[in-house]
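This report refers to the structure that appears directly beneath it.
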Amino acid sequence: MSMLTPPGMGGKYRITGRRFPHMRRPRNRRRIVLAVASAATALALAGWGTLQLVDVFSGGSAEGTARAAHGKGTQGTKSGKEGREDCKAVPRALPKPDEITVNVYNATPRGGLAKATADELRQRGFKVGKWENAPALYDRKVEGTGLLLGAPEAVDGALKVLGTQLAGTQVKNDQRTNGEVDLIIGAQFKELTPRQDADRALTALGGQPKPMVTPAKC
């Protein structure tokens, strides 16, 4: 037995080499790992609980809140195509014949057409301004039944209503600033469209023809 062998340490506990046993502290790596994992789990649970509280007090999920903020996906809110359909412009109502002033010009060599046509238009409810021969710019230069002339704004209004009274007319614009329109009688003109046919055409466009008055019988 060696001189370095403590008493009672013989046998299998005998030290025979030059290396001596050292007492080391137990390693705490496992405890550190467990502590970090526990902390991460606690943070995750705390975050999830916070989201649940937000959901409860806001009345919906975070995604629903975001959609509501942007006006998307919420019930009762119209968006996209439906919203565009609601934004479509409502067609403007056509003017009534008694809201339209018509000037009648005769561009043919036949006399009396301007006055006769103006009288008939007046009976159909139109207001009549002038009736006379056409100015030199159009005199004997209108080959069709007639030419309707007015401001650009009158194309879908007064000129459309007046066009129901005479078939085959052309429509042109000028730079006038008033609401009056012109009917220039052309070479192929014979008479205005029969009143019943003109009234049906005007009704089909959404206009309101003047009611026909039947003379009382004595």
Side-chain angles (χ1 to χ4, degrees), residues 78-135 137-218:
K78 294 183 178 180
S79 60
K81 185 177 180 181
E82 293 182 1
R84 289 192 297 270
E85 290 177 356
D86 291 344
C87 292
K88 288 183 179 179
V90 178
R92 185 176 58 182
L94 292 174
K96 299 178 181 179
D98 60 4
E99 298 173 343
I100 302 173
T101 299
V102 184
N103 301 313
V104 183
Y105 299 102
N106 182 10
T108 75
R110 293 174 286 165
L113 289 181
K115 184 179 185 306
T117 302
D119 291 341
E120 179 63 24
L121 288 175
R122 189 181 290 109
Q123 292 180 8
R124 299 185 183 190
F126 291 86
K127 294 180 180 180
V128 176
K130 303 176 183 178
W131 64 89
E132 58 190 19
N133 292 330
L137 180 63
Y138 298 106
D139 189 24
R140 302 191 183 188
K141 297 177 183 178
V142 179
E143 298 179 356
T145 58
L147 173 65
L148 305 182
L149 191 63
E153 296 79 9
V155 173
D156 293 327
L159 291 178
K160 183 177 288 186
V161 174
L162 182 58
T164 61
Q165 309 302 308
L166 180 59
T169 55
Q170 295 179 335
V171 179
K172 288 187 178 181
N173 307 128
D174 57 15
Q175 301 302 318
R176 70 182 67 189
T177 57
N178 58 28
E180 296 182 357
V181 293
D182 300 340
L183 168 58
I184 304 176
I185 299 174
Q188 298 182 16
F189 176 86
K190 294 181 180 180
E191 62 181 3
L192 293 175
T193 301
R195 181 166 181 177
Q196 292 182 349
D197 296 338
D199 288 349
R200 282 195 292 268
L202 182 54
T203 302
L205 288 176
Q208 301 180 19
K210 179 182 178 181
M212 297 181 65
V213 179
T214 303
K217 294 183 179 180
C218 298

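These numbers were taken from a predicted model, which means no experiment stands behind them.
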Output all residues satisfying salt bridge (Lys or Arg N to Asp or Glu O under 4.0 Å) with R140, sequence neighbours left out; order by chain, then residue number.
none
Other residues, nucleotides and ligands only: do more than 12 of their heavy atoms fall within 6.0 Å of CD on E180?
yes
Side chain proximity check, L183 to L121, heavy atoms < 4.5 angstrom
yes
Spacing of K160 atom NZ and L202 atom CG [to the nearest 0.5 Å]:
11.0 Å
Which atom names give the shortest non-hydrogen contact between T169 and T145, and what distance separates them?
N-OG1, 3.6 Å
Smallest separation among heavy atoms of Y138 and A107, with atom names
O-CB, 3.4 Å
Please evaluate residues V104 and I185 with respect to the criterion side-chain contact (heavy atoms from CB on, under 4.5 Å), reporting the C-alpha separation (whole Å), side-chain torsions for both, the decisive distance (0.1 Å), and the verdict.
CA-CA 7 Å; V104 183; I185 299 174; 4.0 Å; yes
Evaluate side-chain contact (heavy atoms from CB on, under 4.5 Å) for V181 paired with I100, printing each intermediate quantity in order.
CA-CA 8 Å; V181 293; I100 302 173; 3.8 Å; yes
Looking at every heavy atom in both F189 and R110, which two are closest together, and how far apart are they?
O-NH2, 2.8 Å
Restricting to non-hydrogen atoms, name the atom on I184 and the atom on A134 that form the minimum distance, rounded to 0.1 Å.
CG2-CB, 4.2 Å
Does a sphere of radius 6.0 Å around CD in Q170 hold more than 12 heavy atoms from other residues, nucleotides or ligands, not counting ones at 6.0 Å or beyond?
no
Specify the closest pair of heavy atoms between K210 and R122, including all atoms of both residues, with the distance to one decimal.
NZ-O, 4.4 Å
Gap between atom CD of E120 and atom CG of L166 - 0.5 Å precision
11.5 Å
For the pair T117 (side chain) and L192 (backbone), establish whether a donor and an acceptor sit closer than 3.5 Å, ignoring hydrogens and angles.
no
Can you tell me if E143 has over 12 outside heavy atoms packed within less than 6.0 Å of its CD?
no
Check against side-chain contact (heavy atoms from CB on, under 4.5 Å), Q196 and D199:
CA-CA 5 Å; Q196 292 182 349; D199 288 349; 5.8 Å; no
What do the steps show when you test D98 against K96 for salt bridge (Lys or Arg N to Asp or Glu O under 4.0 Å), and what is the final call?
CA-CA 5 Å; D98 60 4; K96 299 178 181 179; over 6 Å; no
Which pair of non-hydrogen atoms, one from L159 and one from V171, has the smallest distance, and what is that distance?
CD1-CG1, 3.7 Å
Going through the distances and angles, do D182 and R176 end up as a side-chain contact (heavy atoms from CB on, under 4.5 Å)?
CA-CA 11 Å; D182 300 340; R176 70 182 67 189; 2.6 Å; yes
From T108 atom OG1 to L113 atom CG, the distance as rounded to the nearest 0.5 Å:
4.5 Å
N/O donor-acceptor pair under 3.5 Å between R195 side chain and Q123 backbone:
yes
Mark yes or no for whether N103, through its side chain, and K130, through its backbone, hold a donor-acceptor pair below 3.5 Å.
yes
